[in-house]
Amino acid sequence: MTEKEKMLAGEIYSAVDPELMRELAETRELIYDFNTLRPSETEKMKAILRRLLGRIGDDNIIVNQPFRCDYGKQISVGKRFFANFNFTVLDEARVTIGDDCFIGPNVSIYTACHSTDPMERNSRQEWALPVSIGHNVWIGGSVTILPGVTIGNNVTIGAGSVVVSDIPSNTVAVGNPCRVVKEI
């Protein structure tokens, strides 16, 4: 298996593999182009997002600048997607976001995992776990979603939360660690 195949399969891979480094550099070029467009250049923004992301549900997509991601191709967003300023996605694994999702400012989604052992971590070996977000989800500002998390449908995640485990459908969840505080 290539390092990329290992990465996408959730296996340990070399994060400094030349093929992966090349893909990261190519993505950064597209991100730069996206983030330096004038806010009025919405059609150019959408064209870059169509090249960058793995799947876009429709053209009713709004991603406010700046936006950051690692690869882009592992990100899938549904219909009527909105992300506010400073949306960051480390998409070493798949990140799937459903229809009618709203992402607040300064939200980060991480899929990359690193060893807590310093020697292992310094070897640049890592693995990645996917993140899945259902339909009709509102993620408040400054939320961090960690690797391997699934958020159900019709969920609100309160501002500043750190989502470390799955959140069931039809709930409001808040805090660090994020926990359900209300069923809808």
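Heavy-atom basis, side chains included; hydrogens, waters and symmetry copies ignored. No experiment lies behind these values; they were computed from the predicted model shown.
The minimum heavy-atom distance linking Asn35 with Arg68 is given by the pair ND2-NH1, 2.7 Å. Nearest approach of Gly152 to Ser169, heavy atoms of both residues: CA-OG, 3.4 Å. A pairwise comparison of heavy atoms in Cys69 and Ile75 identifies CB-CD1, 3.8 Å as the closest pair. Residues Pro147 and Ala112 share a closest heavy-atom pair of CG-O, 3.5 Å. Across Phe67 and Ile31, no two heavy atoms sit closer than the pair O-CG2, 3.3 Å.
Hydrophobic cluster membership for Trp127: Ile12, Leu129 (Ile, Leu, Val, Met, Phe, Trp, Tyr linked by side-chain heavy atoms under 4.5 Å, directly or transitively). Under a 4.5 Å side-chain heavy-atom criterion applied to ILVMFWY residues, the cluster that includes Leu24 comprises Met7, Leu8, Tyr13, Leu20, Met21, Tyr71 as well.
Between Asn170 and Asn153 the shortest side-chain heavy-atom distance does not fall below 4.5 Å. Between Ile48 and Leu37 there is a side-chain heavy-atom pair separated by less than 4.5 Å. Residues Val143 and Ile109 are not in side-chain contact: their nearest non-hydrogen atoms beyond the backbone lie 4.5 Å or more apart. Between Ile151 and Ile145, the closest side-chain pair of non-hydrogen atoms falls below 4.5 Å. Between Ser76 and Ile97, the closest side-chain pair of non-hydrogen atoms is not below 4.5 Å.
The backbone N or O of Glu92 sits less than 3.5 Å from a side-chain atom of Thr111, completing a donor-acceptor pair. In terms of modelled atom types and a separation under 3.5 Å, the side chain of Arg121 and the main chain of Thr116 share a donor-acceptor contact. Looking at Glu19, its side chain never comes within 3.5 Å of a backbone N or O of Lys4 through a donor-acceptor pair. Not one N or O on the side chain of Asp99 forms a donor-acceptor pair closer than 3.5 Å with the backbone of His135. Using modelled atom types, one side-chain atom of Glu5 and one backbone atom of Thr2 make a donor-acceptor pair closer than 3.5 Å.
Surrounding CZ of Arg38 are at most 12 heavy atoms belonging to other residues, nucleotides or ligands under 6.0 Å away. Atom CZ of Arg179 has 12 or fewer heavy atoms from other residues, nucleotides or ligands within 6.0 Å. Applying the 6.0 Å contact sphere to CZ of Arg55 captures more than 12 heavy atoms from other residues, nucleotides or ligands. Around NZ of Lys46, the count of heavy atoms belonging to other residues, nucleotides or ligands within 6.0 Å exceeds 12. Annotation for Met119: atom CE does not count as buried by contact number, only 12 or fewer foreign heavy atoms lying within 6.0 Å.
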(request) Test Asp100 against Arg80 for salt bridge (Lys or Arg N to Asp or Glu O under 4.0 Å), laying out the working first. (result) CA-CA 5 Å; Asp100 296 301; Arg80 297 170 299 277; 2.6 Å; yes
(request) In sequence, state the C-alpha distance, the side-chain angles, and the governing distance for Glu3 and Lys6, and then conclude on salt bridge (Lys or Arg N to Asp or Glu O under 4.0 Å). (result) CA-CA 5 Å; Glu3 296 304 304; Lys6 291 177 191 175; 3.0 Å; yes
(request) Take Lys73 and Glu23, measure what salt bridge (Lys or Arg N to Asp or Glu O under 4.0 Å) needs, and give me the verdict at the end. (result) CA-CA 10 Å; Lys73 292 299 180 192; Glu23 286 188 34; over 6 Å; no
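Put simply, Leu49 and Leu30 are part of the same group of oily side chains (I, L, V, M, F, W, Y) that touch within less than 4.5 Å, one to the next. Hydrophobic clustering of Ile, Leu, Val, Met, Phe, Trp and Tyr side chains at less than 4.5 Å, counting indirect connections, unites Phe102 with Ile62. A continuous path of Ile, Leu, Val, Met, Phe, Trp and Tyr side chains, each step under 4.5 Å between heavy atoms, connects Met45 with Leu53, placing both in one hydrophobic cluster. Note on Val149: it clusters hydrophobically with Val180, by side-chain heavy-atom contacts below 4.5 Å among ILVMFWY residues. Side-chain heavy atoms closer than 4.5 Å link hydrophobic residues (I, L, V, M, F, W, Y) into clusters, and following such links, even through other members, never connects Val77 to Leu90.
The pair Arg28-Asp70 meets the salt-bridge criterion, with a side-chain N (NZ, NE, NH1 or NH2) lying under 4.0 Å from an Asp/Glu carboxylate O.
Remark: Tyr110 engages no residue in a ring-ring contact (aromatic ring centres under 6.0 Å, His included) (not counting sequence neighbours). Residues forming a side-chain contact (heavy atoms from CB on, under 4.5 Å) with Ser115 (at least two apart in sequence, or on another chain): Asp117, Glu120. Partners of Glu183 according to the side-chain contact (heavy atoms from CB on, under 4.5 Å) rule, which considers only residues two or more places apart in sequence or in another chain, are Thr171.
Remark: Phe82 CZ to Phe87 CZ distance equals 11.0 Å, nearest 0.5 Å. If you take CZ on Arg124 and CG on Asn122, they are separated by 5.5 Å, rounding to the nearest 0.5 Å.
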Per-pair distances, 0.1 Å, donor-acceptor, side chain in residues 157-168, under 3.5 Å, sequence neighbours excluded:
residue	atom	partner	partner atom	Å
Ser161	OG	Gly158	O	2.7
Ser161	OG	Gly175	N	2.9
Asp166	OD1	Thr150	N	2.9

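In the model, Asn154 has a side-chain atom that pairs as donor or acceptor with a side-chain atom of Asn136 under 3.5 Å.
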